[in-house]
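Hydrogens, waters and symmetry mates are skipped; everything else that's a heavy atom, side chains included, is used. Chain naming here is simple, since letters A, B, ... match the order of the sequence lines and numbering starts at 1 in each.
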2 protein chains.
Amino acid sequence: MAVPLDDLDRKILSLLQQDAGLSLDEIARKLSASKTPVWNRIRKMREAGVIKSEVAILDPDKIGLETCFFVLIRTSEHDAEWLERFLKTVRARPEVLEAHRLAGDIDYILKVRVPNARAFDTFYQSLIREVSIFNVTSSLSMEEIKYTTALPLP
Amino acid sequence: MAVPLDDLDRKILSLLQQDAGLSLDEIARKLSASKTPVWNRIRKMREAGVIKSEVAILDPDKIGLETCFFVLIRTSEHDAEWLERFLKTVRARPEVLEAHRLAGDIDYILKVRVPNARAFDTFYQSLIREVSIFNVTSSLSMEEIKYTTALPLP
DNA sequence: GTTGAAAGGATGGACCT
DNA sequence: AGGTCCATCCTTTCAAC
């Protein structure tokens, strides 16, 4: 599954993770390489799926999404039907930015972005209506200490 | 703090959140608008900080980062010195992709990406060494159900 | 808001090291 | 394999309308 990367590959990825708008020229210059090899590596890494996409990152506060909740879910339900409904709901709701199935005490964690606490309550009510009963803890984020899309390149 | 957006702004953002590599031409065509107004809006939204950046999104599995942990931290320490050290550590470590200060029972949550469980243990040991004592629960993610950088545009 | 023109960047080929 | 040069096409950027 993993794609082997050399040092130049990692340097290219590191730059593109910070700024995907860099021109080929700038990347080549920063790495003291020349355009062709840099371009070929970028193309290959795109084809291999190492680079999944290039996206714009928005500031949530600037678009009125000032509230972020983490939802910790413990459930006794583990049958296929329940799970399918849960997955479908989570994937369909744009407020849910991240969802993971966890090992251990907590079964699922959701990260949810909404305009305010009232909007979260609306979301929450409709979630528990759609996928029946939960044991849920919702934690309001008071401060986003760190958020990065840049993965560490080992 | 929030920037007022109209319908065209939101449509542009929605496209750029999915694919920042779209050309101005394509965006204008998709929205049946013409290039200049689209371009002016993009520029303004960049200047206003609504669009923070454009970045490449990598596939963690393809670069050997197969393991994701959520770290839930309860701490009795709340003095300024401890906090500063904690923030500095969290921000400096590239494995920590997200960190939030929470209201309620849990004080902090971290999302950490590493190659494997052993690497997480190394990270964990060095974290608790650097910032003294914690009450910590680490939960391994068995499955990433959803991950998106696209914010809902209300 | 529209058109279009000038400048700059992306893509890919030919050829060399 | 990487490097250089080049030709073509596509985008961005901005001025004039």
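Between A:Arg41 and D:dG2 there is a side-chain polar atom (N or O) within less than 4.0 angstrom of OP1 or OP2. Dashed line: the shortest gap from a side-chain N or O of A:Ser34 to OP1 or OP2 of D:dT4 is under 4.0 Å. Contact between the side-chain N/O atoms of B:Trp39 and the OP1/OP2 oxygens of D:dT13 is found at a separation under 4.0 Å.
Summarising the geometry, the separation between CG on A:Leu8 and C1' on D:dG3 is reported as 13 Å, rounded to the nearest angstrom. One can place CD of A:Glu47 at 10 Å from P of C:dG12, the figure rounded to the nearest angstrom. Rounding to whole angstrom units, CG of residue A:Asn40 and C1' of C:dT11 are separated by 10 Å. Atom CZ in B:Arg43 sits roughly 16 Å away from atom C1' in D:dT11 (whole-Å rounding). Rounded to whole Å, the distance from CZ on A:Arg29 to C1' on D:dT4 is 17 Å. In this structure, B:Leu22 atom CG and D:dT11 atom C1' are separated by 13 Å, rounded to whole Å. Atom CD1 in B:Ile42 sits roughly 12 Å away from atom C1' in D:dT11 (whole-Å rounding). Across the protein-nucleic acid pair, B:Asp19 atom CG and D:dT11 atom P stand 12 Å apart, rounded to whole Å.
Side chains of A:Ser132 and A:Arg85: no donor on one and acceptor on the other come within 3.5 Å.
Applying the side chain to side chain donor-acceptor pair (under 3.5 Å) test to residues at least two apart or on different chains, the pairs with a partner in residues 20-32 of chain A are A:Ser23-A:Glu26.
Across D:dC5, D:dT13, C:dT2, the shortest atom-to-atom separation from the side chain of B:Leu24 is found for D:dT13.
Of the residues near DNA chain C, A:Lys35 and B:Val38, the one whose nearest nucleotide (by heavy atom distance) lies more toward the 5' end is B:Val38. DNA chain D is contacted by both B:Arg46 and A:Ser32; A:Ser32 maps to the nucleotide lying nearer its 5′ end (nearest heavy atom per residue).
For an aromatic pair to be called close, the ring centres must be under 6.0 Å apart, and A:Phe86 with A:Tyr108 satisfies this.
Classification of the B:Phe123-B:Phe120 ring pair by plane angle, with boundaries at 30° and 60°, yields tilted.
Counting non-hydrogen atoms of neighbouring residues, nucleotides and ligands closer than 6.0 angstrom, the NZ atom of B:Lys44 reaches no more than 12 such neighbours.
Residue A:Thr36 is in base contact, counting any heavy-atom pair closer than 4.0 Å across all strands shown. As judged by a 4.0 angstrom heavy-atom cut-off over every strand, A:Pro37 is placed among residues touching the sugar-phosphate backbone only.
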